[in-house]
Participant: 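First, the structure itself, so that you have it in front of you.
Everything numeric here is computed off the predicted structure, so don't read it as measured data.
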Amino acid sequence: MAWISPSVLLIIAVITLPALRMVWTSLQLTDETGVSHGFAGLANYRRLLAEPALVNVLSNTVVWVLLVVGVSIVAALGLAQLLNKRFFGRRLVRWALIVPWATSLVMTSTVWRYMLEGGNGIVNRFLMDLGVIGAPIGWYQDPRYAFWSVVGVGIVVTIPFTTYVLLAGLQAIDPQVYEAGKLDGAGPWKTYRYITLPLLRPALVIATILVTIYVFNSFPVIWVITGSNPGNFSDITLTWAYKIAFRQQLNTGEGAALSVFNVLILIVVVLLYLRAVNGDKERQTWLGRAWAALTERLGRRWSRRPPAGPVPVVAPGRADRGVWRRVRPVALPLAGLVVAAFFLAPYAVMFLASFKDGADLYAVPATYLPQHWEWSNWVKVWDVLPLTMLLRNSLIIAAASTALVMVIAVPAAYYTARNRFTGRTGFLNLVLITQVLAPVALVVGIYQEVVYVDGVNQYWAIVVVNAAFNLAFVTWIMNGQFAGVDFAIEEAAMMEGLGPMRRMLRIMLPVVRPGLVTALVFTFIQVWNEFVISLTVFNDPTHERVTLPVGIQQLVGLNQTNYQYLFVASLIATVPVVVLFITVERHLVGGLTAGSVK
């Protein structure tokens with residue numbers, strides 16, 4: 001079918017075939033160049049199981065996912081509740097949370113690496129000034145602290161995304177429910193326990209699954225901060241698979257075997273996602289029904305509803321309510337100010353460091369403010385770094401990938417929203433699956449396929465790959481936008497003799513313009529910040545084929561990193577992206593869980 005065929009073909013070519021190729025590579029005997037030398041059976045899997053680092057990496061992965069997801073969910077519950085209330089400065093606080101979400105994980109991880117340096121790190125200086133520690137700690141260099149340091153950074157960078165997912169769920173709750181609770185005398189705690197949490201449960205399930213996927217695929221956080229360290233004491237399965245295939249052993253067969261394991265984990269998460277999204281058994285596919293049968297018993301406890309009847313509440317005293325009414329106008333803005341300051345602190349450090357010279361950057365103990373403001377850093381950066389080339393490449397790839405995604409996904413979203421046809425549910429579930437499969441999980445297969453089609457360091461190859469992995473979000477958000485348009489509008493156009501394509505272009509697109517802009521901006525930002533695929537298949541400095549995130553990461557970890565220039569480059573790349581993100585923030589909250597939180 002012409003409307004959805006391009007999407008299906010792109011998914012098959014860039015996601016399905018690399019996944020199959022990765023499985024095949026895991027069964028091959030490969031040399032250091034990745035060339036196959038025959039069938040190896042399960043030898044790569046046996047070699048993987050015999051690796052001394054396996055137990056440590058697996059335990060790291062479990063702790064990484066459970067701890068980062070668990071702490072992020074708990075913290076985000078409170079922050080989402082705060083941001084769902086009206087208070088002076090709320091918009092600024094929400095914008096502050098946008099910054100770590102919109103900023104590339106490579107750039108955020110780079111500033112955290114700088115802050116966690118040993119003697120000259122700002123974190124050590126701050127903790128020593130408070131008297132918490134008596135001597136500097138090598139947070140990411142010391143094996144005793146390295147993994148826990150990246151866990152801490154992972155939590156900080158995950159909380160904003162998690163907060164926005166839960167905020168979408170809170171905003172979907174009917175305010176009249178709270179009014180009924182007030183009439184029954186429900187206080188804040190009882191309201192939250194017996195009204196908010198039960199109604200938020202669907203969003204909480206989706207949030208947990210989405211955040212698990214987000215955290216599991218947060219490759220840049222660990223790679224940038226500790227990737228250059230010897231050993232595997234801070235690796236998870238994703239970073240270790242990349243090291244096996246492309247850095248240490250140079251064994252793509254064994255790396256593919258570990259990547260297959262990673263994909264199996266994501267498949268379980270996909271099934272959970274389909275189970276959560278297709279909760280109505282009449283709308284479930286056979287896959288969803290099969291998984292539902294396996295998980296129903298475990299899900300009974302979680303799905304248990306609060307008892308019917310009046311909410312068992314105790315009316316709060318008038319004095320307590322009066323005190324809170326007087327304190328609230330000050331307490332909420334103050335809490336918002338603390339939250340904003342916490343999440344903006346790393347970027348304030350980045351901004352101030354961009355004006356430091358080498359002596360200030362590596363002063364022991366660290367300096368909070370530049371001793372000599374080097375305004376010339378913002379001019380010198382264009383000569384010290386190949387910034388023009390990096391910006392040009394990222395702009396070309398982001399613009400071309402975004403255009404390709406919009407051309408393919410928007411017609412597919414329109415057709416599936418306005419028509420019922422055989423295979424519609426299967427197509428939408430296929431899109432959902434691609435939404436949770438990140439490129440990093442399939443990187444070995446993608447690399448093999450790009451090599452096969454002679455696409456390494458070619459613009460067209462990375463554009464196609466980026467388009468495939470951003471297809472899902474655009475399709476889902478635009479499907480929801482098109483489905484919300486009154487059919488009478490389109491029927492009037494049909495009476496005038498307009499065909500489907502002209503109706504979409506002339507009638508529907510102007511109506512859904514906010515969603516269209518949101519999809520376009522979000523896709524551009526995602527591609528602009530993409531790291532793993534660029535690091536693998538578009539990484540040739542000799543011929544000026546490097547993107548901005550990869551270029552910045554490759555200059556970190558040298559004998560003496562020129563952080564001031566990296567931070568200037570990061571700020572130049574980050575500010576426009578954050579501004580774009582802020583412009584679509586309201587629409588993004590709803591689109592983030594399109595098709596899920598209803």
Side-chain angles (χ1 to χ4, degrees), residues 8-51 53-54 57-58 61 213 216-217 219 235-274 285-287 290-291 426 429-456 461 464-466 468-469 471-472 532-533 535-537:
V8 174
L9 291 175
L10 189 62
I11 290 171
I12 291 174
V14 180
I15 299 177
T16 306
L17 290 181
L20 296 175
R21 189 175 186 89
M22 186 174 67
V23 174
W24 177 248
T25 301
S26 73
L27 302 173
Q28 299 292 303
L29 179 64
T30 58
D31 60 21
E32 292 183 353
T33 64
V35 175
S36 174
H37 293 280
F39 187 72
L42 299 177
N44 287 316
Y45 291 92
R46 288 193 293 268
R47 188 180 299 111
L48 178 65
L49 292 175
E51 289 280 2
L54 179 63
V57 171
L58 288 176
T61 305
I213 297 165
F216 186 79
N217 293 320
F219 177 92
D235 277 323
I236 60 173
T237 53
L238 279 180
T239 57
W240 192 37
Y242 198 90
K243 286 182 177 180
I244 290 174
F246 303 110
R247 287 293 187 269
Q248 294 177 348
Q249 288 95 319
L250 296 178
N251 188 332
T252 53
E254 188 179 347
L258 183 53
S259 296
V260 170
F261 172 75
N262 291 329
V263 171
L264 290 175
I265 294 175
L266 285 174
I267 287 174
V268 173
V269 180
V270 167
L271 292 171
L272 288 171
Y273 193 31
L274 291 174
T285 61
W286 68 269
L287 189 62
W291 184 253
N429 279 337
L430 177 65
V431 171
L432 263 179
I433 292 171
T434 65
Q435 184 173 325
V436 300
L437 287 176
V440 64
L442 302 175
V443 65
V444 174
I446 293 171
Y447 174 75
Q448 292 278 347
E449 184 173 27
V450 172
V451 169
Y452 181 77
V453 298
D454 196 23
V456 176
V464 170
V465 173
N466 277 318
F469 282 98
L471 191 71
V532 177
I533 298 303
L535 178 67
T536 309
V537 303

Participant: Yes or no on side chain to side chain contact (heavy atoms under 4.5 Å, CB included) for Leu48 and Trp240, after CA distance, side-chain angles and deciding distance?
Facilitator: CA-CA 11 Å; Leu48 178 65; Trp240 192 37; 3.9 Å; yes
Participant: Which heavy atom of Gln28 sits nearest to which heavy atom of Asn44, and what is that distance?
Facilitator: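 It is O-ND2, 2.7 Å.
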Participant: Would you say Thr536's side chain and Val532's backbone share a donor-acceptor pair under 3.5 angstrom?
Facilitator: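 Yes: the side chain of Thr536 pairs with the backbone of Val532.
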Participant: Could you go through Tyr242 and Leu535, starting from their C-alpha distance and side-chain angles, then the distance that decides it, and tell me whether this counts as side chain to side chain contact (heavy atoms under 4.5 Å, CB included)?
Facilitator: CA-CA 11 Å; Tyr242 198 90; Leu535 178 67; 3.4 Å; yes
Participant: Between atom OG1 of Thr252 and atom CG of Leu29, what is the distance when rounded to the nearest 0.5 Å?
Facilitator: 9.5 Å
Participant: For the pair Thr434 (side chain) and Ala472 (backbone), establish whether a donor and an acceptor sit closer than 3.5 Å, ignoring hydrogens and angles.
Facilitator: no
Participant: What's the separation between atom CG in Leu49 and atom CZ in Phe261, rounded to the nearest 0.5 Å?
Facilitator: 10.0 Å
Participant: Is there a side-chain contact between Ile236 and Phe216, using heavy atoms and a 4.5 Å cut-off?
Facilitator: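 No, every pair of side-chain atoms sits at 4.5 Å or beyond.
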Participant: So do the side chains of Asn217 and Leu266 get within less than 4.5 Å of each other, counting heavy atoms only?
Facilitator: yes
Participant: Is any side-chain heavy atom of Asn251 less than 4.5 Å from a side-chain heavy atom of Arg47?
Facilitator: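 Result yes, sub-4.5 Å side-chain heavy-atom pair found.
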Participant: Just how far is it from atom CD of Glu449 to atom CD1 of Ile15, taken to the nearest 0.5 Å?
Facilitator: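 The CD1 atom of Ile15 is 10.5 Å from CD of Glu449, to the nearest 0.5 Å.
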Participant: Thr25 versus Arg21: any side-chain heavy-atom pair under 4.5 Å?
Facilitator: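 Yes, at least one pair of side-chain atoms sits under 4.5 Å.
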Participant: Val464 versus Leu10: any side-chain heavy-atom pair under 4.5 Å?
Facilitator: yes
Participant: Could you tell me whether the side chain of Ile12 reaches within less than 4.5 Å of the side chain of Leu17, counting heavy atoms only?
Facilitator: yes
Participant: List the atom of Ser259, the atom of Met22, and the distance in Å for their closest heavy-atom pair.
Facilitator: CB-SD, 3.3 Å
Participant: Drop me the distance from Thr237's OG1 to Asn262's CG, to the nearest 0.5 angstrom.
Facilitator: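 Reported value, rounded in 0.5 Å steps: 3.5 Å.
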Participant: Measuring from Thr16:OG1 to Leu430:CG, what's the distance to the nearest 0.5 Å?
Facilitator: 6.5 Å
Participant: Any side-chain heavy atom of Tyr45 within less than 4.5 Å of one from Val260?
Facilitator: yes
Participant: Kindly give the heavy-atom pair with the smallest separation between Leu442 and Ala19, and that separation in Å.
Facilitator: CD2-CB, 4.0 Å
Participant: Quick one: does Phe469's side chain get under 4.5 Å of Ile446's, heavy atoms only?
Facilitator: yes
Participant: Any idea which heavy atoms bring Gly455 and Ala461 closest together, and the distance?
Facilitator: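 Closest heavy-atom pair between Gly455 and Ala461: O-CB, 3.2 Å.
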